[in-house]
Amino acid sequence: MFYKTFALSVLFGLLFTAQAKPWDRRVYDHDYDKVSAVYFISNDVQNAIVSLKINEDGTLCDGSFTPTGGAGMSGYFGAPNVTAGPDSLFSQSPLTVVRNFVFAVNPGSNTLSMFSIAPWDSTKLTPIGSPVSTLGEFPMSVAAHHEHNTVCVANSGAKAGIACTKYSWRGLEPMDGLRPFDLGQTTPPIGPTNTVSQTFFSEDGTQLLTTVKGNPPFGTTGYLSSFPFDHDHVSMTGTKSSPAGTLVLFGAAKIPRSNDVLVTDASFGAVILSVSDVGIATTESSLKIAGQAATCWAAYSHASKSGFVADVAINRLVEVTNDGAVGRIFNSKNGNPGMTDLAAGGKIVYALSPGNATAETAVAVFDVVSGGQITELQNFKVKGEMKSAAGMVLV
Ligand SMILES: *[C@@H]1O[C@H](CO)[C@@H](O)[C@H](O)[C@H]1NC(C)=O
Ligand SMILES: *[C@@H]1O[C@H](CO)[C@@H](O)[C@H](O)[C@H]1NC(C)=O
């Protein structure tokens, strides 16, 4: 038994340190109530969803490792053959959760995978059907809508653009067609500029919005693409707008009960965009974050009623108020090189740090509410995962 457990751990390259329980088999037992979890993708050659269980106090413990049935792939950083990471995909939302389903991209096999989440244990994921083609290359962001039963994926490689399909308990139908983006990219893409960042549905579900980064050295600005959701499908034709003052729009977080979206711009910080009924974005406020290197990821906390953004090269959590000002700043001393994908739930913000060539992946856990302060509760190291890990969702 020990040997088998150990072999699995080595095979999957995953040993959790904090609880010192390699490949804890309890995740397969069905004798306890549903627990909440965080998920991210390994984006390794054999791609997988890594899930970590959430304790009652919000801290993380051991979880599970579920192969997606597809391949990961990392972009090239600045030049051909220079493997990117952390920020292996130049994107936000490579996986997403709606209802009891998880969707995850496979950037190296140009497919999307779908799983169901066991109601009694959020770390138990079961594939539904086989991965389906994303009709493009290097899929790196996915959006799903809970009422439309629609899922859309963004591709950022030599064949870039958006494809959508319907999902159900039977799985994913074939994608409907590529809505191309003219980036002139390679597969994998050379980033981080001139790549697709994130696709997501607007708060009211009437638009599929996608942030695309410009290429400042070549004088191109980024844009927000919008495809209306119309007659039960995402339109094949859309609009683009380049909100004033933005260059490299990256991760987005919807501000509840509004058409406003907090979007990072890696070149200076973040903006609050107002998105019209027809998907045209205008800059409501622009937020220069002093000393930033690459502010790329965003999440919105309902508990603190504010946004949070992360910088891949600076190990700090920066709060953004609803009117677009810098709020609290928490400089972490946990030794991670920086933070990427964020997820907010309850009083907590979870921040992925994919590590680098020498540092392993970690997830930092911040209480952003208690005592009006930001407190770091934990820095959970995920052994065996390094630099290509991406995404952060909560269930
Ligand atoms: C990148 O790697 C490939 C395969 O090893 C090689 O053929 C190609 O010349 C390399 N390109 C550059 C620009 O180094
Ligand atoms: C990786 O991150 C650690 C911690 O921040 C840092 O000390 C180290 O120099 C980094 N290594 C590389 C190869 O960038």
Side-chain angles (χ1 to χ4, degrees), residues 13-18 40-46 50 52 60 71-91 107-110 137-138 140 156-160 183-195 215 217-218 250-251 264 266 289-297 308-318 329-342 349-366 374-392:
L14 197 75
L15 287 159
F16 298 108
T17 37
F40 59 90
I41 62 168
S42 69
N43 197 30
D44 288 322
V45 173
Q46 191 203 37
V50 179
L52 303 172
L60 299 170
M73 180 188 264
S74 295
Y76 289 150
F77 188 80
N81 297 354
V82 181
T83 302
D87 189 16
S88 66
L89 298 173
F90 317 125
S91 81
S109 46
N110 307 326
E137 291 178 5
F138 202 73
M140 34 38 77
S156 193
K159 275 169 79 182
L183 298 177
Q185 269 291 3
T186 51
T187 301
I190 301 171
T193 55
N194 192 39
T195 57
N215 201 3
F218 292 86
F250 205 114
T264 59
I289 299 178
Q292 73 104 41
T295 305
C296 299
W297 295 269
F308 288 90
V309 295
D311 191 317
V312 66
I314 301 179
N315 195 21
R316 66 182 184 187
L317 191 63
V318 175
I329 296 180
F330 184 85
N331 292 295
S332 176
K333 298 188 173 51
N334 64 20
N336 294 344
M339 303 178 200
T340 61
D341 308 73
L342 304 174
V349 170
Y350 297 91
L352 181 73
S353 181
N356 57 32
T358 53
E360 62 203 2
T361 298
V363 181
V365 182
F366 302 97
I374 300 177
T375 314
E376 185 165 350
L377 302 182
Q378 188 187 24
N379 187 41
F380 189 90
K381 299 268 176 78
V382 186
K383 278 224 163 151
E385 290 300 326
M386 267 174 170
K387 100 173 192 174
S388 64
M392 183 54 55

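First listed ligand is number 1; within each ligand, the first listed atom is number 1.
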Subset of ligand 2 atoms that lie under 4.0 Å from at least one heavy atom of Gly335: 4 (C), 5 (O)
Protein heavy atom at shortest distance from atom 1 (C) of ligand 1: Asn81 ND2, 1.5 Å
Asn315 near ligand 2 by a heavy-atom separation under 4.0 Å: no
Verify atom 7 (O) of ligand 1: protein non-hydrogen atom under 4.0 angstrom away: no
Pair Asp44-Ser388, side-chain donor/acceptor within less than 3.5 Å: yes
Subset of ligand 2 atoms that lie under 4.0 Å from at least one heavy atom of Asn356: 1 (C), 2 (O), 3 (C), 8 (C), 10 (C), 11 (N), 12 (C), 14 (O)
Distance-only donor-acceptor check, side chains Glu385 and Thr361, under 3.5 Å: no
N or O pair under 3.5 Å between Ala359 and ligand 2: no
Whether over 12 other heavy atoms sit under 6.0 Å from Phe330 CZ: yes
Heavy-atom protein neighbour under 4.0 angstrom from atom 4 (C) of ligand 1: no
Protein heavy atom at shortest distance from atom 13 (C) of ligand 1: Pro80 CB, 3.8 Å
Donor-acceptor contact present, side-chain Asn194 to main-chain Leu183, <3.5 Å: yes
